[in-house]
Amino acid sequence: MAWRRTAWRLAISGFVLFHLTATVVWNIPNSPLRQCLIPAFRPYMLPLGLWQSWWMFAPDPMGDTAVLESEVIDAKGMRHIYAFPRVADLPWWKKLPRFRHPKFTCNLLIDEYANQREFAGRYVLRQIGLQPDAYPVHLSLYCQIKPPPPPGQPFIDPLTPARLHVLGTYDFAALDEVRP
Amino acid sequence: MNPLRTWNRFWFGAISARPLGMFRIVFGILVLAHLAFITVDLDYWYTDAGLLQSDQARLAAGPWRFSPLQWVQDPTSVRCVWGALTAVAVAFVLGWRTRIMSILLYLGLLSLYHRNISSNCGPDQLMMITSFYMMLSPCGAALSLDARRAALRRGTVAEPLIIPWAQRLLQIQLCLIYLATAAFKCHGSTWLGGTAIHHVIFNHEVGQLNLEWLAGYPVVISVLSQTALLVEFALAFLLWFRPTRKWIALAGVLLHAGIVPLVNVPLFGEQMAAIYLVFLAPDELDALLGFFDPRRWFGRRGTELQALSARLDPACALDGWRQLELAFDAADPANRIGQAH
């Protein structure tokens with residue numbers, strides 16, 4: 001059954017070449033070649049969960065501490081602040097499984113995740129639990145960003161104010177928009 | 001050197017199944033740890049009681065990333081999926097019906113992965129990709145209940161051999177990760193400039209322990225940053241060669257161990273270091289296991305060496321059973337094995 005073995009090896013070799021090409025294309029820096037080839041491999045890489053990017057801490061690590069918050073102003077002019085879960089002050093064993101929260105904040109800073117900013121806003125309104133008569137509301141989603149000190153300086157000046165980075169502002173006319 | 005023969009030998013030359021079997025066990029335990037971690041915020045990230053409701057998970061995932069949990073997302077159903085996946089992971093670790101379990105494990109992880117695009121990161125990506133390779137590989141051929149059952153049926157305890165093409169893909173994937181991340185880091189100024197770790201330790205949300213005091217020692221910061229970059233580049237290449245393998249693997253383990261107090265990204269370094277196992281030759285695996293065997297710490301060294309040499313396969317083993325000395329073997333016929341057929 002040598003032909004069967006040869007056919008099997010040819011099939012596997014074809015798959016290996018295709019898969020490696022797709023993986024390499026996904027990992028090369030952005031370039032016209034990558035932009036040209038990515039659409040061809042997207043139907044393979046995305047459904048199978050093989051998409052990947054290893055840019056964490058590259059090209060430079062993010063030294064800014066970003067904290068996600070939201071401000072809601074309801075129809076009566078009342079101001080509500082919602083702070084998303086923070087992990088910085090937790091002991092390490094509680095922090096360990098909660099690593100997704102800062103990752104979520106970092107992701108929202110990327111334009112690719114723009115539609116999720118609005119979803120995060122809707123989540124805020126569900127958590128605040130405003131009554132139907134409090135609508136329409138105006139919601140602002142933002143990050144409070146604290147930069148690191150310059151290299152060589154071992155502490156952050158506590159009086160340095162955090163910088164506000166607005167991720168998006170949204171208006172919701174009624175409760176139905178928040179609880180679909 | 002005949003390139004076709006080299007290709008065949010690299011992808012299809014039979015090798016010992018034990019390194020992959022050992023990796024299966026470690027990887028399965030890491031999957032269980034991952035499943036334990038996600039219970040803390042299961043509702044928040046994976047159910048409609050949390051961040052994403054209704055069709056939001058589908059919209060966030062886009063048209064190509066399907067998951068049944070984008071439709072069935074009430075907390076009870078998601079808990080049932082979590083429980084079933086945990087049971088599958090246990091069976092996978094034990095190597096019971098490994099082929100089926102590896103497929104179920106992959107599909108289960110994929111369902112969770114695509115339900116929570118919002119906060120997926122390195123550990124999730126790596127686990128997903130590794131589970132894909134494990135599904136394709138004969139990872140239950142050794143150190144498993146399946147292997148035990150097969151040995152009983154066969155009547156011998158001979159060491160199983162496998163065709164390693166999926167294992168090779170996993171090896172290449174690991175090297176690609178190190179190469180990509182190291183190359184990307186060279187685009188910036190902080191890694192080559194030796195200040196990268198200074199920035200990491202002041203990101204309090206991403207950091208693990210408070211190591212701000214370290215910033216007072218810029219020379220140490222510089223050495224750590226540049227050494228990390230160097231080790232990542234080296235890991236992309238030197239794991240392939242037996243003479244450098246154990247030293248660079250040790251450097252890699254130290255690199256990931258050093259990241260643990262700096263950055264809170266659990267299970268990433270653990271997975272990366274675990275993949276080193278699939279680079280090991282069987283005798284290297286034995287030596288590693290022996291190192292962690294407390295009985296050997298107090299035993300006589302002579303006995304240990306005797307036991308190790310007795311495990312080396314004879315020259316009649318199939319082509320490529322040694323993990324990777326392909327180019328060197330071809331250049332040195334005296335060192336080649338498997339010439340008999």
Side-chain angles (χ1 to χ4, degrees), chain A residues 9 12-13 16 19-20 23-24 27 29 42-43 46-67 85-88 92 95-107 113 115-116 119-120 122-123 126 148-149 151-156 179-180, chain B residues 7-8 11-12 37-38 40-41 45 51-56 59-60 62 64-66 110 113-114 118-119 121-122 125 128-129 132 165 169 172-173 176-177 180-181 184-191 195-196 198-200 202-206 208-209 212-216 218 221 264-266:
Chain A
R9 283 187 177 192
I12 297 293
S13 296
V16 159
H19 177 82
L20 284 180
T23 308
V24 168
N27 278 293
R42 192 171 283 138
L46 294 186
L48 294 179
L50 302 175
W51 47 282
Q52 50 194 283
S53 68
W54 309 109
W55 286 83
M56 194 177 182
F57 303 121
D60 292 312
M62 182 179 161
D64 297 343
T65 302
V67 173
R86 299 175 188 183
V87 300
W92 70 267
K95 196 187 272 190
L96 203 62
R98 292 179 172 83
F99 66 98
R100 295 178 189 283
H101 292 288
K103 183 63 189 174
F104 177 59
T105 305
C106 291
N107 281 344
Y113 288 78
N115 67 343
Q116 298 192 43
F119 301 155
R122 290 172 194 232
Y123 171 76
R126 291 199 297 273
Q153 188 178 315
F155 56 86
I156 299 177
R179 296 181 188 275
Chain B
W7 173 273
N8 273 334
W11 295 102
F12 305 112
F37 280 163
I38 67 173
V40 175
D41 284 322
W45 296 117
L51 196 63
L52 301 179
Q53 268 193 343
S54 183
D55 61 348
Q56 291 174 352
L59 292 170
W64 292 108
R65 291 180 276 217
F66 170 80
L110 190 67
Y113 190 57
H114 282 172
S118 313
S119 67
C121 52
Q125 286 180 15
M128 201 60 253
I129 293 165
F132 177 75
W165 65 270
L169 285 175
I172 291 171
Q173 175 71 64
L176 198 62
I177 292 171
T181 190
F184 293 154
K185 282 171 182 169
C186 289
H187 282 277
S189 59
T190 55
W191 289 98
T195 58
H198 171 88
H199 294 89
V200 173
F202 282 99
N203 190 333
H204 295 142
E205 284 291 314
V206 174
Q208 179 54 278
L209 303 179
E212 287 182 9
W213 56 270
L214 200 57
I221 294 274
N264 186 28
V265 193

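In what follows, chains carry the letters A, B, and so on, assigned in the order in which the sequence lines appear, proteins first and then strands, with residues in each chain numbered from 1.
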query: Out of P149(A), P148(A), G152(A), which one racks up the most heavy-atom pairs below 4.5 Å with chain B?
result: P149(A)
- prompt: Given that the side chain runs from C-beta out, which part of L169(B) has a heavy atom under 4.5 Å from chain A: side chain, backbone, both or neither?
  reply: side chain
- request: Under 4.5 Å, counting heavy-atom pairs only, tell me which of R86(A), M62(A), R98(A), Q116(A) racks up the most with chain B.
  value: Q116(A)
field: CA sep, side-chain torsions, deciding dist, call: S118(B), R100(A), side chain to side chain contact (heavy atoms under 4.5 Å, CB included)
entry: CA-CA 9 Å; S118(B) 313; R100(A) 295 178 189 283; over 6 Å; no
statement: d(F184(B) CZ, N27(A) CG) to nearest 0.5 Å is 6.0 Å
query: Is it the side chain or the backbone of I221(B) that comes within 4.5 Å of chain A heavy atoms, both, or neither?
result: neither
statement: Of L176(B), L209(B), V206(B), the largest count of non-hydrogen pairs under 4.5 angstrom with chain A goes to L176(B)
- prompt: What residue in C186(B), C121(B), G62(B) has the most heavy-atom pairs under 4.5 Å with chain A?
  reply: C121(B)
- request: Quick one: closest heavy-atom pair of F99(A) and N264(B), and the distance?
  value: CB-O, 3.2 Å
query: Can you check whether P61(A) reaches H198(B) side chain to side chain, under 4.5 Å on heavy atoms?
result: no
task: Please flag which part of F119(A) lies under 4.5 Å from any non-hydrogen atom of chain B: side chain, backbone, both or neither.
output: both
field: Euclidean distance, H204(B) NE2 relative to D64(A) CG, rounded to 0.5 Å
entry: 11.5 Å
message: side chain to side chain contact (heavy atoms under 4.5 Å, CB included) for W54(A) and Q125(B)? Distances and angles first, verdict last.
response: CA-CA 9 Å; W54(A) 309 109; Q125(B) 286 180 15; 3.8 Å; yes
- prompt: Which answer fits D41(B), side chain, backbone, both or neither, if we ask what part of it has an atom under 4.5 Å from a heavy atom of chain A?
  reply: side chain
task: Of all the heavy-atom pairs spanning Q208(B) and L96(A), show the shortest one and how long it is.
output: NE2-CD1, 3.5 Å
statement: Rounded to the nearest 0.5 angstrom, the NE2-CH2 distance for H19(A) and W165(B) is 9.0 Å
- prompt: Is there a side chain to side chain contact (heavy atoms under 4.5 Å, CB included) between L50(A) and M128(B) once you walk through the steps?
  reply: CA-CA 7 Å; L50(A) 302 175; M128(B) 201 60 253; over 6 Å; no
task: Give a yes or no on whether the backbone of L52(B) and the side-chain of R122(A) come within a donor-acceptor separation of less than 3.5 Å.
output: no
message: Which one wins on heavy-atom pair count under 4.5 Å against chain B: A66(A), G49(A), A120(A), S53(A)?
response: G49(A)
- prompt: Under a 4.5 Å cut-off applied to non-hydrogen side-chain atoms, are V265(B) and K103(A) in contact?
  reply: no
- line: Bottom line for I172(B): the part with an atom under 4.5 Å from chain A's heavy atoms is side chain
- prompt: How are the rings of F104(A) and W45(B) set relative to one another: parallel (under 30°), tilted (30 to 60°) or perpendicular (over 60°)?
  reply: perpendicular
message: Quick check: closest heavy atoms across I129(B) and W51(A), and the distance to 0.1 Å?
response: CD1-O, 4.5 Å
task: Apply the side chain to side chain contact (heavy atoms under 4.5 Å, CB included) test between F57(A) and each candidate in V200(B), T181(B), N203(B), T190(B); give the one that qualifies.
output: V200(B)
task: Rounded to the nearest 0.5 Å, what's the gap from OG on S189(B) to CG on D60(A)? Could you check?
output: 4.5 Å
message: Rounded at 0.5 Å granularity, tell me how far CD in Q56(B) sits from CG in N115(A).
response: 9.5 Å
task: Under 4.5 Å heavy-atom distance to chain A, tell me which part of F66(B) shows up: side chain, backbone, both or neither.
output: neither
